[in-house]
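Please read the structure below before turning to the comments.
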Amino acid sequence: MKQYFFLGAPLSDLFPVLEKVQRSTSKIRNFIQRSLIDFELLIGQGNRPDRIHTHLVSSGVIPKFDYYFTGSKVGEENISFNWFEREMLDGKNEHTPYIWNSQKMWEQFFHLLNKNQGKKILVSSSAPRDQHKLLANYSNVLFASPPPEVAVYFGDDKRKMYEIYSSLGLQYEVINYASTEDVLNDYNFHSEQLHGKSLVVQATIGSGGVTENDKRALYFTDNEDEFHNSIENLRGEGPLRIMKKYDGIPSNTAALSLPLGTYISAIPSVKPCGVTEIGAKMGTSGGNQWDTRFPIDAIDSQFYQIKKVGEKMASSGYNGVFGLDPIMPFTQNGLVFNSEINARAQGPDSQRASSALAIGIPCLEEMQLAFYLGCPSELFPDPSDYNLITRWLKIPPYLKLFPKEDSFVKANFNGYWRFQNGTLIRSDLKDASFKITGAPRVGQKILRDSPDNFLYVKFIDVDTKIYTDGTNPRLTSNALEISDYLYENIVL
């Protein structure tokens with residue numbers, strides 16, 4: 001058990017609390033399993049099933065899904081009896097063929113519901129979508145995810161961060177604009193107002209470092225010419241914000257907001273952006289590695305901020321998993337600046353869940369499901385107890401690979417592997433070093449300007465290192481060798 005906690009963890013304080021939280025696990029799990037007996041159909045939705053659903057099935061929290069909607073079932077076939085896979089499209093506009101969300105998939109989803117209106121149905125989605133609003137018309141359906149209108153409010157526009165932090169009485173230095181036409185002052189004005197020489201100019205609607213129109217969304221500026229060019233480049237891309245560049249490294253954290261409190265999952269990660277060896281663009285992360293180099297005061301600050309934001313979200317009706325993306329400093333007394341909210345499940349969540357389940361505590365997604373099934377509050381662990389454990393919990397790292405050029409997928413490596421003598425060897429979980437997930441099916445197109453990655457390499461050992469130390473981490477030699485092998489063997 002000790003191997004799951006960082007060096008310096010107060011084990012004499014942690015273990016009695018751990019035993020207390022472990023007792024809650026069986027109570028929550030028994031409630032979930034008793035409650036699911038009443039449902040005649042279980043339906044899952046997710047771009048990649050392993051984001052939240054695979055570990056719930058494989059750990060025995062829930063039975064197999066009756067139907068699952070996804071971009072690719074390869075490597076995850078054992079979690080559902082029936083599958084709906086995203087159609088393959090050929091065209092420059094089809095950037096992410098492995099994402100399940102498409103008009104045809106929604107038509108199939110609601111056709112399935114319409115055929116089964118006499119049955120009690122549970123729907124679980126990794127991300128609430130606008131289309132989920134239509135579930136209000138189905139009295140026989142329980143949607144075990146946050147209301148889509150609330151999720152959209154928190155996640156659609158990064159300008160909301162200022163509004164949220166101000167409502168909590170927390171400082172958030174940023175200047176928001178409705179469009180580039182409203183930016184009437186120059187670099188020097190913004191530098192003085194924001195107390196920084198290096199500024200960040202960012203379109204606030206979009207994801208993966210790109211705008212809704214798939215243009216670059218993030219610019220770093222140090223002078224008037226760079227500032228002016230960034231504004232011009234974002235012309236026509238909608239609202240934007242300007243903030244100072246904070247010292248530190250991009251990171252990621254996750255939590256679950258519920259009326260009884262905010263449950264936080266593990267310390268922040270190192271999340272380098274723009275790692276070209278794996279195709280990541282500027283402002284886009286190539287994976288996460290949990291790190292103890294962050295000062296204690298920075299970790300405590302992030303736990304406090306995510307706790308307060310979670311309370312705000314719960315009071316607004318958002319009860320579910322979410323994430324904050326902070327810039328984490330490496331020096332004492334550095335400011336922790338959270339750039340955005342992800343009002344959905346995130347890529348690292350399955351890694352966080354694997355450690356939680358390994359030490360016998362409920363993962364965030366398990367508690368979210370229990371909440372929507374009506375689990376009594378007294379069965380949940382105390383949030384402060386849970387967060388004391390996760391404050392010291394190790395999480396295995398993972399890599400994200402992005403398309404380096406327009407190409408077609410020639411092989412799918414989803415499954416468990418170890419890397420030995422320069423090649424992949426298929427393994428079972430007991431002997432594997434990592435699991436490859438989320439890769440598109442053979443024949444699908446991947447495009448260089450896609451905002452999203454095309455597969456994950458999820459390591460199993462919590463002590464695996466995929467990034468070097470330092471303020472500008474690079475891939476370790478082992479991680480680079482694995483990624484090079486995959487690029488050579490997966491795409492044409």
Side-chain angles (χ1 to χ4, degrees), residues 46-51 54 70-77 83 85-102 207-210 214 216 272-288 347-348 350 397-427 432-459 466-467 474-492:
N47 297 338
R48 303 169 177 90
D50 71 303
R51 180 159 285 188
T54 297
T70 190
S72 174
K73 69 179 181 182
V74 181
E76 309 293 342
E77 291 92 344
W83 292 86
E85 289 183 289
R86 171 73 180 268
E87 70 275 15
M88 291 191 194
L89 299 178
D90 183 17
K92 283 290 184 181
N93 293 326
E94 182 63 4
H95 284 229
T96 48
Y98 34 89
I99 286 178
W100 84 272
N101 186 29
S102 75
S207 63
V210 299
D214 294 324
R216 178 179 167 184
C273 294
V275 182
T276 57
E277 294 89 344
I278 49 179
K281 303 171 183 63
M282 181 178 294
T284 301
S285 161
N288 286 253
S350 62
Y398 79 99
L399 283 175
K400 297 161 63 176
L401 270 60
F402 295 79
K404 291 184 179 180
E405 57 187 23
D406 295 359
S407 55
F408 288 91
V409 176
K410 68 178 181 180
N412 186 292
F413 284 81
N414 282 355
Y416 289 102
W417 302 88
R418 66 180 188 272
F419 194 70
Q420 186 173 315
N421 298 325
T423 190
L424 284 181
I425 299 174
R426 190 173 287 277
S427 306
S433 301
F434 52 84
K435 181 182 182 184
I436 295 175
T437 73
R441 290 164 280 166
V442 172
Q444 286 185 306
K445 179 181 286 187
I446 57 176
L447 300 179
R448 183 178 181 276
D449 54 355
S450 169
D452 209 348
N453 60 301
F454 72 93
L455 64 77
Y456 289 101
V457 182
K458 298 191 172 184
F459 294 87
I466 60 171
Y467 288 116
R474 309 305 302 172
L475 293 179
T476 61
S477 58
N478 182 54
L480 181 59
E481 193 175 1
I482 292 171
S483 63
D484 285 347
Y485 179 92
L486 290 172
Y487 276 113
E488 182 178 344
N489 288 277
I490 286 180
V491 297
L492 293 172

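All values reported here derive from a predicted model rather than from experimental measurement.
Here CD1 of Ile466 is found 4.0 Å from CG of Leu399. Values are rounded to the nearest 0.5 Å. Atom CZ of Arg448 sits about 8.5 Å away from atom CG of Asp406, to the nearest 0.5 Å. Note that CD1 of Ile482 is 7.5 Å distant from OG of Ser433, once rounded to the nearest 0.5 Å. Distance OH/Tyr456 to OG/Ser350: 8.0 Å, rounded to 0.5 Å. Separating the CD1 atom in Ile490 from the CD1 atom in Ile446 is a distance of 8.5 Å, to the nearest 0.5 Å. Within the model, atoms CG of Leu455 and OH of Tyr487 stand 7.5 Å from one another, a figure rounded to the nearest 0.5 Å.
Taking the six-membered ring where the residue is Trp, the centroids of Phe402 and Phe454 are separated by 6.0 Å or more.
Arg441 has its side chain within reach of Val74: a pair of non-hydrogen atoms, C-beta onward, lies under 4.5 Å apart. Here the side chains of Ile278 and Asn453 are not in contact, with every heavy-atom distance at 4.5 Å or above. In this structure, the side chains of Glu481 and Phe419 come closer than 4.5 Å at one or more pairs of heavy atoms. For the pair Val275 and Tyr467, the minimum side-chain heavy-atom distance is below 4.5 Å. Using a 4.5 Å heavy-atom threshold, the side chains of Val409 and Pro440 count as touching.
A donor-acceptor pair under 3.5 Å is absent between the side-chain atoms of Asn288 and the main chain of Pro397, judged by distance alone. In this structure a side-chain-to-backbone donor-acceptor pair under 3.5 Å is missing from Asn412 to Val442. Not one N or O on the side chain of Glu488 forms a donor-acceptor pair closer than 3.5 Å with the backbone of Leu486. Glu85 contributes no side-chain N or O that, together with a main-chain N or O of Thr70, makes up a donor-acceptor pair within less than 3.5 Å. Thr284 places no side-chain N or O within 3.5 Å of a backbone atom of Ala280 that could act as its donor or acceptor partner. In this structure, Ser427 contributes its side chain and Ile425 its backbone to a donor-acceptor pair below 3.5 Å. Not one N or O on the side chain of Arg418 forms a donor-acceptor pair closer than 3.5 Å with the backbone of Phe434.
Across every non-hydrogen atom of Glu76 and Trp83, the tightest pair is O-CZ2, 3.1 Å. Nearest heavy atom pair, residue Ser102 against residue Arg86, reads CB-NE, 3.2 Å. Across all their heavy atoms, Trp100 and Gly46 have their closest contact at CD1-C, 3.6 Å. Nearest heavy-atom pair, Gly287 versus Pro272, reported as atom, atom and distance to 0.1 Å: O-CD, 4.1 Å.
Under 4.0 Å is where a charged nitrogen must lie from a carboxylate oxygen, and between Asp50 and Lys458 at least one such pair does.
Heavy-atom contacts from other residues, nucleotides or ligands closer than 6.0 Å to CZ of Arg426 number more than 12.
The aromatic rings of Phe413 and Tyr485 sit perpendicular, their planes meeting at an angle over 60°, well past the 30° parallel limit.
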Quiz item: Could you walk me through whether Ser483 and Val457 pass the side chain to side chain contact (heavy atoms under 4.5 Å, CB included) check?
Solution: CA-CA 9 Å; Ser483 63; Val457 182; over 6 Å; no
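By the salt bridge (Lys or Arg N to Asp or Glu O under 4.0 Å) test, Glu277 is found to be paired with Arg474, residues two or more places apart in sequence or in another chain being considered.
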